[in-house]
Amino acid sequence: EDQVTQSPEALRLQEGESSSLNCSYTVSGLRGLFWYRQDPGKGPEFLFTLYSAGEEKEKERLKATLTKKESFLHITAPKPEDSATYLCAVQVDYKLSFGAGTTVTVRA
Amino acid sequence: NAGVTQTPKFQVLKTGQSMTLQCAQDMNHEYMSWYRQDPGMGLRLIHYSVGAGITDQGEVPNGYNVSRSTTEDFPLRLLSAAPSQTSVYFCASSPTGGNGYTFGSGTRLTVV
């Protein structure tokens with residue numbers, strides 16, 4: 001059975017305090033790993049897709065990396081507007097399996 | 001270009017009632033999916049479609065029906081609503097299934 005586990009469940013950061021979110025997965029036939037951002041009351045917003053171990057993607061203060069068993073989302077010098085829930089998902093065939101998410105709160 | 005549009009945004013149903021959640025996309029995407037999101041459980045796949053006329057079950061399909069008569073529309077039908085179906089429902093679409101899915105803004109459903 002495909003499993004996606006995100007940690008920690010919640011993360012409270014001071015503005016400028018860098019940190020990392022973890023997404024570990026157990027799947028057969030991974031087609032891609034996705035990171036999404038979700039704000040309260042809204043749908044998930046696509047951030048990154050990673051396809052193979054060693055791959056990295058960056059967008060502003062966010063950087064996603066991928067190994068054979070896990071992915072990390074690094075947040076560098078976060079700002080309050082980075083506060084959100086970050087979701088990790090793996091794709092097998094045409095289906096996405098999501099982790100429960102990490103809720104990040106950045107205090108000014 | 002509206003993306004993925006879901007209606008209604010909010011709905012309250014009584015146990016046993018039926019209803020249809022609407023989803024439409026204007027990006028000519030072949031792949032469309034329905035998810036439900038419950039606290040602490042993440043998004044779970046209900047049904048998906050890889051093109052008009054083709055649908056399949058996801059992780060939690062019981063109590064839901066779908067059809068895909070056009071590329072644009074992918075409605076989700078609740079046959080006989082139960083309190084366990086209280087959730088936030090998201091529709092998503094993708095051009096190929098291998099790229100990022102675009103999500104709608106969700107429908108918050110309460111079954112009493």
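To find a chain, count down the sequence lines: A is the first, B the second, and so on, and within it residues start at 1.
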If you count heavy-atom pairs within less than 4.5 Å of chain B, which of A/Gln6, A/Glu9, A/Lys95, A/Lys42 leads?
A/Lys95
Run the side-chain hydrogen bond (donor to acceptor under 3.5 Å, both in side chains) test on A/Arg107 and A/Ser83 for me, step by step, so that the C-alpha distance in whole Å, both residues' side-chain angles and the decisive distance to 0.1 Å come before the verdict.
CA-CA 9 Å; A/Arg107 296 166 290 174; A/Ser83 297; over 6 Å; no
Check each atom of B/Leu45 against the heavy atoms of chain A and say whether the ones under 4.5 Å are side chain, backbone, both or neither.
side chain
If only side-chain N and O atoms count, and only distance matters, is there a donor-acceptor pair under 3.5 Å linking A/Thr85 with A/Thr103?
yes
If we only count heavy atoms from C-beta on, is the A/Tyr86 to A/Leu21 side-chain gap below 4.5 Å?
yes
Greatest number of heavy atom pairs closer than 4.5 Å to chain B - which of A/Gly101, A/Pro44, A/Gly43:
A/Pro44
Hey, is the main chain of B/Tyr64 close enough, under 3.5 Å, to the side chain of B/His47 for a donor-acceptor pair?
yes
Applying a strict 4.5 Å limit to non-hydrogen atoms, the region of B/Gln37 in contact with chain A is side chain
Which residue out of B/Gly106, B/Ala92, B/Ser105 racks up the most heavy-atom pairs below 4.5 Å with chain A?
B/Ser105
Check whether any side-chain N or O of B/Arg108 sits under 3.5 Å from a backbone N or O of B/Thr110 as a donor-acceptor pair, and report yes or no.
no
